[in-house]
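In what follows, a structure is listed as structure tokens, so that the remarks can point back to it.
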Amino acid sequence: MKYITLIILLSISKSLTFANTIKSLPDTLVHGKVLFDIDGKPINAHGPGVMYHQGVYYLFGEIKNGKTWLVPGQNWEDYRVPAGGISCYSSTDMKHWKYSGIALKPVVNDPDNDLDTGRVIERPKVIYNEHTKKFVMWMHIDKNDYNYSRGGVAISDSPAGPYKYLGGVKPNGQMLRDMTLFKDENNKAYLIYSSENNNTMHVCLLSDNYLKPTTTYVRIFENKRRESPAIFKNKGKYYLITSGCTGWSPNAASYAVADHVMGPWKELGNPCKGPNAEVTFFSQGAFVLPVTSKPGKFIFMGDVWNKTDLEKSRYLWLPLNFNDDKIEIHNP
Ligand code: DGJ
């Protein structure tokens, strides 16, 4: 009897899940606004990444915590912000977001610790390892001057966490700043990051458990100074959108296409079209989300940084359109 009740409950929850997946793209789009969770609180998840797992979208982002600190005397980086850890929000429709707590807690008064609130923790991304059954989070860990430049890795048994921090690494001895994570259909996973003092990007294959970089990596966009990588795959081709390096100020995005994640990558220019395309509609890309219920549909997710008060930064989520194998992003 118990078994039959369980089966019935499982099938009801499964059909509810599918009933709730994204029905209409316009509902899920955000035009440079503050986003609120279902309790009416502003969503604090910047430089975000989304993981879709068993009918639920999990949104992870930087908890910007309090006013931005002005660091005088630095040219390329005028602002930093106390690291507040990584938040998690969950949704079945990409519209109603439930706060699911702090996925990765910062630590207080421990300046030698990578997660100390005086450090920088940016651009968290999470993927699921089918083999180890663990959720793996990678993020950019830095010190105030952005010269520590490491990838931090954390692990959890459940999607929303809490995540256990395992440490920070310089893949193959190289700097890692703005980064993203990509899990391919064959379950191989890659770290993509600004390296070599932001001059050149690297794509590095991760170990099978996703916890370590391997020695297999390529250098791409050599001396092009690109950051904020956002990658996705459509019909066998890989697309990588990046921004230029102008701190928290917006600039023109650019994208590249490849037949393999390790390249070669063919650069195709700015995917944004229309007014303010040259400043990515005042945003900087963070992630491209494949809409699971609509194969071939993707949402470009950007941060509209408020550089004097990063916690008040807004979000820009726009549909990504295909024109053959070219992509276009419009801000209607
Ligand atoms: C732009 C990056 O993309 C952000 O993640 C952050 O690192 C800022 N630069 C710092 O200036």
Side-chain angles (χ1 to χ4, degrees), residues 44-50 59-87 104 106 114-115 117-125 137-152 168 170 174-181 191-202 221 224-231 240-255 272 279-288 300-316:
N44 195 342
H46 307 280
V50 178
L59 170 72
F60 298 89
E62 305 156 17
I63 305 176
K64 298 298 194 194
N65 190 0
K67 289 271 182 205
T68 311
W69 302 338
L70 188 63
V71 184
Q74 293 188 4
N75 297 327
W76 73 277
E77 178 51 73
D78 289 326
Y79 301 95
R80 65 187 171 98
V81 72
I86 304 300
S87 58
L104 182 72
D114 278 2
L115 302 183
T117 50
R119 297 285 187 101
V120 169
I121 305 177
E122 290 182 342
R123 297 182 179 268
K125 304 288 175 274
M137 175 188 286
W138 280 86
M139 71 215 89
H140 168 201
I141 295 285
D142 229 312
K143 294 190 179 172
N144 304 339
D145 61 2
Y146 280 88
N147 276 325
Y148 188 64
S149 307
R150 281 166 168 71
K170 278 188 152 180
Q174 303 281 340
M175 292 172 121
L176 179 152
R177 287 193 186 137
D178 276 14
M179 55 139 278
T180 196
L181 203 51
L191 260 181
I192 297 121
Y193 47 95
S194 305
S195 192
E196 305 180 30
N197 213 14
N198 281 3
N199 284 314
T200 298
M201 276 199 171
H202 291 185
F221 312 147
K224 296 267 169 80
R225 295 192 61 75
R226 307 302 301 170
E227 62 178 7
S228 77
I231 187 171
L240 179 54
I241 305 177
T242 61
S243 77
C245 291
T246 52
W248 303 106
S249 305
N251 55 51
S254 178
Y255 79 104
C272 299
V279 283
T280 317
F281 316 117
F282 306 104
S283 78
Q284 184 184 34
F287 196 70
V288 173
F300 170 81
M301 304 174 75
D303 295 287
V304 180
W305 297 118
N306 176 341
K307 64 178 173 182
T308 53
D309 191 351
L310 286 167
E311 189 178 343
K312 299 264 160 43
S313 299
R314 296 167 182 229
Y315 305 89
L316 184 81

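Whatever order the structure lists them in is the order used to number ligands and atoms, beginning at 1. Scope of the values below: all heavy atoms of this structure, side chains included, with no hydrogens, waters or symmetry mates. What you see is a predicted model; the values in this text were computed from it and never measured. One-based numbering along the sequence shown.
Using a 4.0 Å cut-off to heavy atoms of Asp178, the atoms of ligand 1 that qualify are 2 (C), 3 (O), 4 (C), 5 (O), 7 (O). Counting the atoms of ligand 1 from 1 in the order shown, those under 4.0 Å from a heavy atom of Gln284 are 1 (C), 2 (C), 3 (O). Atoms of ligand 1 found under 4.0 Å from any heavy atom of Tyr146 (numbered from 1 in listed order, with element): 7 (O), 10 (C).
Residue Glu122 has at least one N or O atom closer than 3.5 Å to an N or O atom of ligand 1.
With sequence neighbours left out, Val304 forms a side-chain contact (heavy atoms from CB on, under 4.5 Å) with Ser283, Arg314, Leu316. Here Trp138 pairs with nothing under the side-chain hydrogen bond (donor to acceptor under 3.5 Å, both in side chains) rule; sequence neighbours left out.
Checked by atom type, the side-chain pair Arg225/Asn197 shows no donor-acceptor distance below 3.5 Å.
Ring planes of Trp305 and Trp248: perpendicular class, angle over 60° (limits at 30 and 60°).
Proximity of Arg123 to ligand 1, defined as any heavy-atom pair under 4.0 Å, is confined to the side chain (atoms from C-beta onward).
The closest side-chain heavy-atom distance from Arg123 to Glu62 is below 4.5 Å.
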